[in-house]
Colleague: 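I'd like to ask some things about the structure below.
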There are 2 protein chains.
Amino acid sequence: MGEIESVTETPGYRPLYRQVYDIVVRQVAEGKWRPGEALPSEQTLAREMGVSQGTMRKVLDSLTAEKLLERRQGKGTFIAENTQERALFRFFRMAHPGGQRAVPERARESVRVRVSRAPERVKLDLARTDRVVEITRTRCIDGRPAVHELIVIPSALFPEIEKRASLPNTLYSLYQTEYGINITAAHEELRAELATAADAKALQIAAGSPILVIDRVAVSLREQKVEWRTSRVRSDDLVYAVKLT
Amino acid sequence: MGEIESVTETPGYRPLYRQVYDIVVRQVAEGKWRPGEALPSEQTLAREMGVSQGTMRKVLDSLTAEKLLERRQGKGTFIAENTQERALFRFFRMAHPGGQRAVPERARESVRVRVSRAPERVKLDLARTDRVVEITRTRCIDGRPAVHELIVIPSALFPEIEKRASLPNTLYSLYQTEYGINITAAHEELRAELATAADAKALQIAAGSPILVIDRVAVSLREQKVEWRTSRVRSDDLVYAVKLT
DNA sequence: GAGTGGTCTAGACCACGCA
DNA sequence: GCGTGGTCTAGACCACTCT
């Protein structure tokens with residue numbers, strides 16, 4: 001078992017399963033297996049890595065808990081797919097009051113590449129000369145405009161994304177399948193604001209109505225800040241639903 | 001190992017660790033050990049329950065993941081305490097924009113017992129004749145009023161709570177230590193509203209300002225809906241921060 | 001029946017906290 | 001030095017899926 005150095009603050013002791021974990025994460029991040037593809041069996045992987053099945057299991061179980069893998073008894077271990085369904089509901093928290101999840105449909109969008117601005121460089125850890133892709137789009141719920149958002153991503157990570165004919169409703173499955181970027185977490189900050197004239201037009205509500213503004217930074221498997229998204233959402237019959245544990 | 005019946009939809013097969021898990025949860029819920037108290041060691045518990053140490057470990061680890069227990073290497077396994085710090089930041093999500101957690105201080109409160117109303121009975125699964133305790137309070141952040149909330153709890157679960165001289169800032173540690181009720185999860189729904197005259201007065205902001213309204217139902221270890229709380233929060237320099245995974 | 005993940009065991013040794 | 005949780009192993013058997 002090769003030693004693996006790290007920059008964390010725990011220099012002294014590094015359990016075996018932690019080292020194996022890092023190896024597997026790196027292999028997944030490098031795209032050794034495609035989304036939906038099966039990994040070798042527990043036993044095989046354990047043999048390859050030179051550890052016991054129990055240790056390998058611990059690794060695969062924790063990766064499953066982080067939703068990077070999926071295990072199905074009797075079938076195998078698979079790279080988790082950000083399917084439409086899953087990608088949509090994992091990070092899209094809007095719902096109808098009382099609980100039923102709201103399903104957004106794609107409406108209008110525009111994409112352009114431009115130089116980065118200071119706040120974006122801070123949010124996404126970019127250098128002065130980095131370029132970004134700016135996506136603005138509106139999404140509907142139940143046929144009515146509901147979400148108006150501005151999405152900023154580093155151009156370097158998504159080459160020529162602006163040349164695509166159209167973007168899917170769930171960007172994160174596109175990030176995964178076309179650019180090899182797995183979104184594993186998102187930090188969101190919510191505040192209440194009054195609808196501006198632009199909001200009013202995009203969301204077909206009265207200017208001055210209260211709206212929810214959601215500021216999100218999405219983080220990849222490699223712990224890189226990959227996307228900054230600001231969503232402005234109608235709050236008349238929609239709520240942001242979250243379960244705290 | 002005694003068989004334990006359940007009402008879930010998995011009637012056929014019931015792993016050992018699941019049965020042990022349920023036993024330990026019941027014992028914790030019944031207050032067999034006090035908050036902060038140490039449980040017997042893994043080995044001892046395993047012997048008592050008639051299972052291997054590995055199986056016992058699986059049980060204790062999953063209870064730790066659910067924040068019901070805490071394990072400290074070299075010291076032991078303890079009933080998790082809803083200390084001020086922890087209880088505060090586990091469910092109180094308000095922060096300053098950019099990330100730093102905001103610390104609320106208790107300001108004004110009033111408590112009274114009254115008959116339950118229809119919406120409360122729906123939210124908390126109460127019967128027609130059940131009485132509730134209503135707590136209204138205002139909390140400050142950085143010395144300024146920031147949160148104005150209405151809390152409704154079933155009177156039956158919190159006998160004579162209304163006779164206490166004052167309530168702590170973190171109600172959930174009170175629920176745990178004085179009434180044996182562990183809050184383990186909370187469902188929150190957020191929306192944006194305009195400050196009413198009452199909001200304006202309580203929060204010292206202008207009427208018509210946008211505010212965040214947080215509707216929470218807190219759930220106990222026994223999966224009982226224990227508290228319904230509506231918080232109205234200033235949104236001028238505070239945000240609701242959450243990490244989605 | 002063969003292959004996979006899921007459970008369970010028994011035992012060894014390591015890291016940590018404390019007296 | 002002892003007791004605790006944390007890691008690691010080797011092997012058995014069970015439940016599920018597919019052929």
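Since this is a predicted model, take the numbers as computed values, not measurements. Throughout, a chain's letter reflects where its sequence line sits, starting with A, and its residues are numbered from 1.
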Colleague: Within the structure, does a side-chain N or O atom of Arg71(B) lie under 4.0 Å from either OP1 or OP2 of dG6(D)?
Modeller: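 It does, given that an N or O in the side chain of Arg71(B) lies less than 4.0 Å from OP1 or OP2 of dG6(D).
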Colleague: Taking the six-membered ring of Tyr240(B), is NZ or CZ of Arg191(A) closer than 6.0 Å to its centre and within 45° of its axis?
Modeller: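 Geometry flag: not set, cation outside 6.0 Å or 45°.
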Colleague: Please work out which of the three classes, parallel, tilted or perpendicular, describes the rings of Tyr175(A) and Phe158(A), given edges at 30° and 60°.
Modeller: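 Rings of Phe158(A) and Tyr175(A): tilted, 30 to 60°.
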Colleague: Of the listed nucleotides (dC8(C), dG5(D), dC8(D)), which one gets closest to any side-chain atom of Pro15(B)?
Modeller: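 Comparing dC8(C), dG5(D), dC8(D) against the side chain of Pro15(B), the answer is dC8(C).
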Colleague: Find which nucleotide of DNA chain C each of Gln53(B) and Gln53(A) is nearest to by heavy atoms, and output the residue with the more 5' nucleotide.
Modeller: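 Per heavy-atom nearest nucleotide, the more 5' residue is Gln53(A).
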Colleague: How many angstroms lie between atom CD of Gln53(B) and atom CG of Leu60(B), to the nearest 0.5 angstrom?
Modeller: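 Going from the CD atom of Gln53(B) to the CG atom of Leu60(B) covers 10.0 Å.
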Colleague: Do the numbers put Arg71(A) on top of the ring of Phe78(A), so that NZ or CZ is under 6.0 Å from the six-membered ring centre and no more than 45° off the axis?
Modeller: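 No, Arg71(A) does not sit over the ring of Phe78(A).
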Colleague: Mark yes or no for a side-chain to base donor-acceptor pair under 3.5 Å between Arg57(A) and dG6(C), with no hydrogen or angle criteria applied.
Modeller: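 Under the 3.5 Å cut-off, the side chain and the base do form a donor-acceptor pair.
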Colleague: Nearest to the side chain of Lys75(B) - dC8(D), dC18(C), dC18(D)?
Modeller: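 Out of dC8(D), dC18(C), dC18(D), the nucleotide with an atom closest to Lys75(B)'s side chain is dC18(C).
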Colleague: Counting side-chain heavy atoms from CB outward, which of dG5(D), dT9(D), dT7(C) is closest to Tyr13(B)?
Modeller: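 Nearest nucleotide to the side chain: dT7(C).
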Colleague: Side-chain N or O of Thr55(A) less than 4.0 angstrom from OP1 or OP2 on dT9(D)?
Modeller: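 Result: yes.
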Colleague: Considering just the side-chain nitrogens and oxygens of Thr77(B), establish if one lies under 4.0 Å of OP1 or OP2 belonging to dT4(D).
Modeller: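 Answer is no, no contact under 4.0 Å.
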Colleague: It should be established whether Lys58(A) places a side-chain nitrogen or oxygen under 4.0 Å from OP1 or OP2 of nucleotide dC8(D).
Modeller: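 Lys58(A) to dC8(D) OP1/OP2: no side-chain N or O under 4.0 Å.
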Colleague: Among dT7(C), dC18(C), dC8(D), which is the nearest nucleotide to the side chain of Tyr17(A)?
Modeller: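 Minimum distance to the Tyr17(A) side chain belongs to dC8(D).
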Colleague: Leu16(A) side chain: which of dT7(D), dC8(D), dG6(C) is closest?
Modeller: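 The nucleotide sitting nearest to the side chain is dC8(D).
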